[in-house]
Amino acid sequence: MEQEQQEWIGGKHSLLEALRAGRTINKIWIAEGAQKHLTAPIIAEAKKLGIITQTVDKRRLDQMVPDLQHQGVVAQVAPYAYVEVEDLLDAASKSGRPPFLLLLDEIEDPHNLGSILRTAECTGVHGVIIPKRRSASITATVSKTSAGAVEYVPVARVTNLAQTIDQLKEAGVWVVGTDVEAHEGIYDTNIFTGPVAVVIGNENKGMGRLIKEKCDVLVKLPMAGQLNSLNASVAAGVVMYEVLRRRAQS
């Protein structure tokens, strides 16, 4: 079962951030003729850390990671290290700011997950919680789409999202769901300056019924157009920036 023991990362940004964040990297492959400005910083960093690099034909990389735009650099890494929900709450308390967490209720598209992590890193989210089942997990595609943010935003993977919500409530965190049918808009609520966990629902179905019932507050994004739904990662981004704005004001 070697596959369980390793993962792949491709692309300059993902790889550099993984190196800088101290991720365990077993080996790096670089395509012959890859652009020097892409590969030079990676080779320098790898040399400093004593990581083996090997130059190979580009077709070899295409075979190793057939579904990834690798820019001529691929690394074999130790599996992504998920954290516990307690670690996210600890990170928040160390930051001296009220907890700001994201709960993703069955986000299935790895590109959406990567984009959400990228915005989470920009907006000061302390951590992201995903369910183990029916959800995208941290893969090479997610890492690449997140532009390396995956190395800086801790992710917890939980068996039961509903129980996790109860755990957060006990820790004094308000759980805010995003729902198109909510009465209150994100610009009207005053909940974002305190300890919050924002729930983003599945791309097609939105939040599950049980998860929706467990939320303390439901808010909707204002919609001026004809369509009443945004891409999940865009919706998440709008909410994250509103939380950031509110917190900066207060």
Side-chain angles (χ1 to χ4, degrees), residues 80-107 113 116-135 137-138 149-202 206-222 232-233 235-250:
Y80 180 80
Y82 293 98
V83 300
E84 300 295 328
V85 174
E86 290 81 359
D87 299 324
L88 304 182
L89 294 168
D90 285 349
S93 90
K94 287 194 182 100
S95 77
R97 289 173 294 134
F100 176 17
L101 305 174
L102 276 190
L103 285 104
L104 306 182
D105 186 14
E106 299 183 13
I107 292 288
L113 179 54
I116 288 169
L117 288 169
R118 188 173 185 172
T119 311
E121 204 277 324
C122 297
T123 51
V125 169
H126 294 113
V128 174
I129 299 169
I130 61 174
K132 283 182 180 163
R133 289 176 36 221
R134 293 191 293 277
S135 168
S137 55
I138 307 295
V150 71
E151 302 298 337
Y152 298 105
V153 180
V155 178
R157 252 180 119 192
V158 299
T159 311
N160 187 318
L161 211 52
Q163 282 176 0
T164 301
I165 288 176
D166 291 336
Q167 181 187 350
L168 292 173
K169 286 179 172 182
E170 279 167 31
V173 177
W174 285 75
V175 180
V176 185
T178 48
D179 183 48
V180 287
E181 289 163 8
H183 298 301
E184 197 172 21
I186 60 164
Y187 301 137
D188 311 320
T189 183
N190 289 316
I191 203 166
F192 291 146
T193 50
V196 288
V198 175
V199 186
I200 304 292
N202 169 276
M207 286 184 293
R209 186 184 56 81
L210 177 62
I211 301 300
K212 192 190 285 195
E213 284 170 7
K214 283 201 169 283
C215 292
D216 294 304
V217 180
L218 293 176
V219 293
K220 65 180 173 188
L221 278 73
S233 67
V238 173
V239 180
M240 285 186 261
Y241 266 99
E242 180 58 12
V243 175
L244 182 67
R245 187 182 76 86
R246 291 297 183 89
R247 291 180 168 210
Q249 280 180 342
S250 70

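The model shown is predicted, which means the values in this text are computed figures rather than measured ones.
- Taking each heavy atom of Val217 and Val219 in turn, the nearest pair found is CG1-CG1, 4.0 Å.
- With a 4.5 Å cut-off on side-chain heavy atoms, Ile107 and Ile130 do not count as touching.
- With hydrogens and angles ignored, the 3.5 Å screen pairs a side-chain donor or acceptor of Tyr82 with a backbone N or O of Ile138.
- Nearest heavy-atom pair across Asn202 and Glu106 is ND2-O, 2.9 Å.
- Although no hydrogens or angles enter the test, the distance criterion places a donor-acceptor pair under 3.5 Å between the side chain of Ser93 and the main chain of Asp90.
- With a 4.5 Å cut-off on side-chain heavy atoms, Leu218 and Lys212 count as touching.
- Nearest heavy atom pair, residue Val153 against residue Gly127, reads CG1-CA, 4.4 Å.
- With a 4.5 Å cut-off on side-chain heavy atoms, Pro195 and Leu101 do not count as touching.
- Remark: side-chain polar atoms of Lys169 are paired, donor with acceptor, to backbone N or O of Lys214 under 3.5 angstrom.
- Of the inter-residue distances, the one linking Ile200 atom CD1 with Met240 atom CE reads 6.5 Å to the nearest 0.5 angstrom.
- Heavy atoms from other residues, nucleotides or ligands lying under 6.0 Å from CD of Glu84 number 12 at most.
- Under the 4.5 Å side-chain criterion, counting only non-hydrogen atoms from C-beta, Val155 is in contact with Leu117.
- To the nearest 0.5 angstrom, Ser135 atom OG is 12.0 Å from Ile129 atom CD1.
- Shown here for Ile211 and Ala162, the closest heavy-atom pair between the two residues is CD1-N, 3.8 Å.
- To the nearest 0.5 angstrom, Glu184 atom CD is 7.5 Å from Asn190 atom CG.
- Counting heavy atoms from C-beta on, the side chains of Arg247 and Val196 come closer than 4.5 Å.
- Using a distance-only test at 3.5 Å, with no hydrogens or angles considered, a donor-acceptor pair links the side chain of Asp105 to the main chain of Gly208.
- Between Leu168 and Leu89 there is a side-chain heavy-atom pair separated by less than 4.5 Å.
- Here the closest heavy-atom approach between residue Thr178 and residue Gly201 is recorded as OG1-N, 4.4 Å.
- With a 4.5 Å cut-off on side-chain heavy atoms, Pro98 and Thr193 do not count as touching.
- Atom CG of residue Asn160 and atom CZ of residue Arg133 lie 9.5 Å apart, to the nearest 0.5 angstrom.
- Figure legend: Arg246 and Phe192 shown without cation-pi pairing, the cationic atom not lying both under 6.0 angstrom from the six-membered ring centre and within 45 degrees of its axis.
- Taken from OG1 in Thr123 to CD in Glu242, the straight-line distance is 12.0 Å, to the nearest 0.5 Å.
- No side-chain heavy atom of Leu244 sits under 4.5 Å from any side-chain heavy atom of Phe100.
- Here the shortest heavy-atom pairing between Met207 and Cys215 reads SD-SG, 4.0 Å.
- Interatomic distance, Ile186 CD1 to Lys220 NZ, rounded to the nearest 0.5 Å: 11.5 Å.
- Atom CD of Gln249 is surrounded by more than 12 heavy atoms from other residues, nucleotides or ligands within 6.0 Å.
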